[in-house]
Amino acid sequence: MQSSLVLQNLLSPPVLFFFLGVLAVLFRSDLEIPSPLPKLFSLYLLMAIGFKGGIELADIGLGSKVLLTIGAAIFMALAVPVLCFYVLRLKLDAANAAAVAASYGSISAVTFITAESFLNVLHLDFDGFMVAALALMESPAIVVGVILAKLYSDKGGDSATLRWREILREAFLNGSVFLLIGSLVIGGLVGAFSAAGVEKMAPFTEKLFYGVLCFFLLDMGLVAAQRLQDLRKAGSFLIGFAVLAPLVNAMFGLGISRLLGLPQGDALLFMVLCASASYIAVPAAMRMTVPEANPSLYISTALGLTFPFNVVVGIPLYLTLVQRFIPVR
Amino acid sequence: MQSSLVLQNLLSPPVLFFFLGVLAVLFRSDLEIPSPLPKLFSLYLLMAIGFKGGIELADIGLGSKVLLTIGAAIFMALAVPVLCFYVLRLKLDAANAAAVAASYGSISAVTFITAESFLNVLHLDFDGFMVAALALMESPAIVVGVILAKLYSDKGGDSATLRWREILREAFLNGSVFLLIGSLVIGGLVGAFSAAGVEKMAPFTEKLFYGVLCFFLLDMGLVAAQRLQDLRKAGSFLIGFAVLAPLVNAMFGLGISRLLGLPQGDALLFMVLCASASYIAVPAAMRMTVPEANPSLYISTALGLTFPFNVVVGIPLYLTLVQRFIPVR
Amino acid sequence: MQSSLVLQNLLSPPVLFFFLGVLAVLFRSDLEIPSPLPKLFSLYLLMAIGFKGGIELADIGLGSKVLLTIGAAIFMALAVPVLCFYVLRLKLDAANAAAVAASYGSISAVTFITAESFLNVLHLDFDGFMVAALALMESPAIVVGVILAKLYSDKGGDSATLRWREILREAFLNGSVFLLIGSLVIGGLVGAFSAAGVEKMAPFTEKLFYGVLCFFLLDMGLVAAQRLQDLRKAGSFLIGFAVLAPLVNAMFGLGISRLLGLPQGDALLFMVLCASASYIAVPAAMRMTVPEANPSLYISTALGLTFPFNVVVGIPLYLTLVQRFIPVR
Amino acid sequence: MQRIDLFVSEREVDRLCRAIREAGAPGWSVMRHVTGSGEGGEISEAMDFSGLGANAHIVVFCEVTQLEPLRQQIHPILGRFGGVGFVSTAERF
Amino acid sequence: MQRIDLFVSEREVDRLCRAIREAGAPGWSVMRHVTGSGEGGEISEAMDFSGLGANAHIVVFCEVTQLEPLRQQIHPILGRFGGVGFVSTAERF
Amino acid sequence: MQRIDLFVSEREVDRLCRAIREAGAPGWSVMRHVTGSGEGGEISEAMDFSGLGANAHIVVFCEVTQLEPLRQQIHPILGRFGGVGFVSTAERF
Ligand SMILES: Nc1ncnc2c1ncn2[C@@H]1O[C@H](COP(=O)(O)O)[C@@H](O)[C@H]1O
Ligand SMILES: Nc1ncnc2c1ncn2[C@@H]1O[C@H](COP(=O)(O)O)[C@@H](O)[C@H]1O
Ligand SMILES: Nc1ncnc2c1ncn2[C@@H]1O[C@H](COP(=O)(O)O)[C@@H](O)[C@H]1O
Ligand code: NA
Ligand code: NA
Ligand code: NA
């Protein structure tokens, strides 16, 4: 890993504000970002990233390269939770293993955005359509997780029957998934048909983006640090999993990127999608569909450890690997 | 109606985000914009539009053209509720008829802003002082509504006596009215005396405007769709009223615009003012001054049907009429 | 006092919005900026001002000029509360005198920001490192206040023993102090090591700043006017103190600025730091560490009178003095 | 002691608190952003942006002797603007 | 009359309100953004941004006869998703 | 069972919850953003931006035997920082 990349990442404003949040918790400062401000930031980031992705998608069109990448992304969103599930079953019951596995199959939009910002700062190109991959990787893992939980559930009877309506609603109509996909479609329509619309939205989606990301990461620092304390209770198996799973999943992502011939920037984003774990859509869905699972387990692993790991160490590490194994065009 | 105008409106980001909100309700997504975020957007929009309007008013000054337009606007704000009241009395009791009538006499700032954005996208000019008309049309309809409710109230005695202090306070000191008029005055002062102030505020009032409008319309989509479901209970008379009243009022607006010799852009805005119905200032005022009226009736008609109708169909339709009947300068 | 400066200040958007808030209370409008929106504005302002200050500090470095100014600032933050305490003891008990004194020793970030904006509008230069002085003046006064309260406490025993851990935490880890200092450090790091980071944050910290300040001052107008009504109960001694203390402290600030040879812009900011009283960090800290003191006293004086006095009259008055007594370079 | 629970529209909170003060209650607490359902239909927070608000929950702990004056102040407001009230017994903790 | 106090996750509020309506209660009130602690551990508002939310406090005033139907509707939900409920007596004010 | 209702400043919530846990209560719930009036004057939400906050309403349902330890933990805090507490009876639903 090139130490300069790590340093550059560590000294970027979003990562520094993340650390500030962590420090606030460690020093027991009463700094807080009261609800619903974090929600505002998260809604804004999803809307802006979706909209911008849609515009770029409209530009490029749904060519075979785009479709292949998206297909691979969906494949990973289905395969990763199955893999993780069997590993997690070594120590956890079916419900908890399935819920944690679903998190790791799904993605973290903020990790993705942080990686994009990092690429921007390094002036490395990437394709806007990667946002489509992001959007489409959120839901499949949820469905897989619920199915696994029910298949291996110890209890029979009613609680084991799949309530498909509810599961699909949680997977595809979850507020954050819906807003991201909706904004992507709107961005696509506006990009295709209304140049004036693109231009008028630009200041909003561009100028604020980086600052709001910093604000949101400050809050994530606060929340992750609190969660990290929970994680100690979860035991060393889960702690190990939370660090190794992103590494292994990133390697799969690297392999597939090479197979697909993705350019460097896209390869990094693909790796980040595979490596990141969801702490937004998935917990909300699991709470409803697999209530037997303990939320503090799946939130703490994804948010308390995997998220900081990816944001602080993972992104520059994956980029080092990309620069080593993916040819420059 | 030119179908290209309708399409251009339908494909503008604000309208698309409005639809996204509607879809979220129809598909039963759990997307929500938690309180008080919609209030933040609404405060911002009122402040920004008032401030910008004030600056332009300071530029132009209060000439006879401005005063005439504003006078006509106030006249409409007094006449429309009276007219609507007698129509609504066919089916509603005095309190409900008066409350709904007050909504339609008053205006919807967001509909006005959406129309302005539409004109901007089409590169059609309009005068900034129309914001003054907007600001001054909010209150009179409230006063008229309360007077009508009391005059025709079946109950005599205390409840029928007019509490003028309270009514005027609700009409003129309502938070949103106060902020809009206050920002207009501030914009006027700053525009007249402080070029540096104008320049320093510009990024805030300009760059964010369109994006915040989209966010707010996303929320309006959520709320309007919920309200639409209420409206079914309200019956076909009110549903018909909610679509026909804006059309008829827009026609009056068109006639007056022609009489006054307003340019095309101003004529559209004037029509939109006449056609739109208030779901901010008026409901808040009616809740206090005519508590006998059922809020779900006046909110549902104004917000559930008239607002979407104007934003989606009305604005391009009125513009088609403007282009047909108002001469280009 | 040059009347043109006063006018220019009075007609600046932030001051006008402050008045709008005051008027809303006087006219009993129901305008309100619901919680936590004011917190959002305050977090943003602290973050933006800290970050920008850090960047400029990284630019200049910690030379002797900077260190001397900061040293003088800290000295004032220690001396002012002691002075004020003995004056306040004439009429108040130890706890209340100490709490009010701590407010006046500490600073008001918003007053500082308003002064900066005023300098910007007048195209007068000032040094970015003054933000460091601001950041470092918040805490010492808190510690001094607590010590004074305990030293002179009538009650002996447990309540008079100093709980150092708690006091230091309240003084240095108070959320707003922590965010300001944290953002200053982050700005310093980013300024020193990441040009790309500086550039990407600029739109966020620059473009919104003035508008958010207006919004926040609108809220301050609302709150200050409510507080002013409380102040009447507090009696004429405290009312007099709330106007005279900033004047006297500003004079000390002027003297020190001259001694240090600060340029005009910095001298104004230094005076404003001395003159302003804290209504954010200090009340929160006093509530915990000196609970015997009556919060309505220290909040009302600092926020109800001293803050408006400084923002409306003080800043242009101090600038007139600066222009008279501090040589132009 | 007595515990009174009132549920009214947020618009009426100020009016109600004035009434409670005038009736001589020693204190009260207000929780806003309450949603709910009653005779007047369902109330959500969706119209909050308009200043209409949702409901508020007001709690008053007072002596039995203050019940009657409170009733006289509060009943007319509930009658005019809607809202419900309940009373139960409690002790100082 | 009876007063029922329920504390459940915000995610379950809609489901619970539907159950309360079906059980025939005359009304209910919901307070969101409740934090707390119980058998399921501590619940804070920190995950609010994710849509997971905190807890909600639901209050239902009803007649004694409605207690049983309410119990039948509500107990399964509390059993499946967690949450607690308490009941006490009250009078109309 | 017993129901305890506490009204304190938001600043004291953490301290109070620690005290409640130490007293051995099985759970508690906290509602923030409470305004109100008492011996210490009126508390609004206007100073919320400063970190001072408004009041909080804490509810604890517990067994009679836990009342005394709770009292011992909580009374000193109410005495030092202000706030009020009330207790009434309730049953598990
Ligand atoms: N039986 C009840 N239990 C709890 N809350 C109620 C009840 N009835 C009414 N409410 C609350 O009081 C508000 C106003 O009631 P109403 O005037 O009957 O519509 C409702 O929106 C609910 O929040
Ligand atoms: N004894 C109690 N007193 C007050 N609130 C409680 C109590 N037990 C649980 N709660 C609330 O109910 C929620 C869910 O409880 P549980 O399912 O036991 O974790 C908790 O997070 C608390 O908000
Ligand atoms: N009698 C009461 N009924 C309801 N709430 C009260 C009562 N007395 C005090 N409170 C609440 O407790 C807070 C602190 O009370 P105090 O310490 O007496 O000022 C007040 O701000 C109110 O929110
Ligand atoms: Na993943
Ligand atoms: Na109208
Ligand atoms: Na000072």
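The figures that follow rest on heavy atoms only: side chains count, while hydrogens, waters and symmetry mates do not. Sequence lines set the chain letters: A, B, ... in the order given, protein chains first and strands last, and positions in each chain run from 1.
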How far apart are the closest heavy atoms of [X] and [Y], and which atoms are they?
X      : Y      : result
A:E32  : C:K39  : O-CE, 3.8 Å
C:A196 : A:V121 : CB-CG1, 3.5 Å
A:F41  : C:L40  : CZ-CD1, 3.8 Å
C:V190 : A:P13  : CG2-CG, 3.8 Å
A:P36  : C:P36  : CD-CG, 3.8 Å
A:P34  : C:L43  : CD-CD1, 4.4 Å

With a 4.5 angstrom heavy-atom cut-off, which part of [X] approaches chain A: side chain, backbone, both or neither?
X      : result
C:S183 : both
C:M201 : both
C:Y44  : both

Would you compute the distance between atom [atom1] of [X] and atom [atom2] of [Y] and round it to the nearest 0.5 angstrom?
X      : Y      : atom1 : atom2 : answer
C:E166 : A:R28  : CD    : CZ    : 10.0 Å
C:M47  : A:C214 : CE    : SG    : 5.0 Å
A:S12  : C:I186 : OG    : CD1   : 10.0 Å
A:L10  : C:F193 : CG    : CZ    : 12.0 Å
C:R169 : A:F27  : CZ    : CZ    : 13.0 Å
A:L20  : C:F178 : CG    : CZ    : 4.5 Å

List in chain and number order the residues that pass side chain to side chain donor-acceptor pair (under 3.5 Å) with C:S117, two or more places apart in sequence or in another chain; answer none if no residue qualifies.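 Partners of C:S117 under the side chain to side chain donor-acceptor pair (under 3.5 Å) test: none.
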[X] versus chain C, heavy atoms under 4.5 Å apart: side chain, backbone, both or neither?
X      : result
A:F17  : both
A:L23  : both
A:F209 : neither

Would you say that more than 12 heavy atoms from the other residues, nucleotides or ligands in this model lie under 6.0 Å from the NZ of A:K200, or not?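 Count over threshold, so yes.
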Closest-packed option against chain A by number of heavy-atom pairs under 4.5 Å, given C:N174, C:L179, C:L37: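 Heavy-atom pair counts peak at C:N174.
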